[in-house]
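Shown next, in structure tokens, is the structure this report addresses.
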Amino acid sequence: MRVGLGRDVHRLVAGGRLILGGVVVSENLSPVAHSDGDCLLHALMDAILGAAALPNVGVLFPCDGEENRGRDSCEMLGTVLAMVWKLGFRLVNVDAVIQLEAPPVSSFFPAMRERLSPLLGLEGSAVGLKATTAEGLGPIGRGEALEVLCVCLLEGGKS
Ligand SMILES: [Zn+2]
């Protein structure tokens, strides 16, 4: 068994749209990002990569890479999963905490699970999603940023 931890932060600006877990959660707020800025998927990918001791998202998909501009994070996740599956690992579960002052996102969890479960090869019951605010404290509390923390468990792996 291997545990992995991922964390991602993006600044937020007015306008545009915010995608989390492959689902649009706001049409008047957007992350400052080179890719599509899906903070949940970035943290999730780093957790999976970390569990397999592989390089992180920023190394695999550099933000100066033209091919990564506006890139769909769900497609990047497919690349990451192919890497760990090739090493013989199987994903057991994932669990994430979204820290975002507004808008509330928990109503989007069913849609996120529906989007992510087949990609991850997991039952919905193995995709943990939680959301919390920062109680008005710091940059997240002021709505200037969002942060996602994620852990995952891998089993197997070629010895
Ligand atoms: Zn990111």
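Note that ligands are numbered from 1 as they come in the structure, with each ligand's atoms numbered from 1 the same way.
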Considering all heavy atoms of both residues, which atom of [X] and which atom of [Y] are nearest to each other, and what is their separation?
X: E147; Y: L149; result: OE2-CD2, 3.9 Å
X: V92; Y: A126; result: O-CB, 3.7 Å
X: A47; Y: C150; result: CB-O, 3.6 Å

Among residues two or more places apart or on two chains, list those pairs meeting salt bridge (Lys or Arg N to Asp or Glu O under 4.0 Å) that have a residue in residues 96-111.
none
E75 bridged to R71 by N-O distance under 4.0 Å:
yes
Atoms (protein N, O or S; no water) under 2.8 Å from the Zn ion (ligand 1)
3
Distance-only donor-acceptor check, side chains S35 and N68, under 3.5 Å:
no
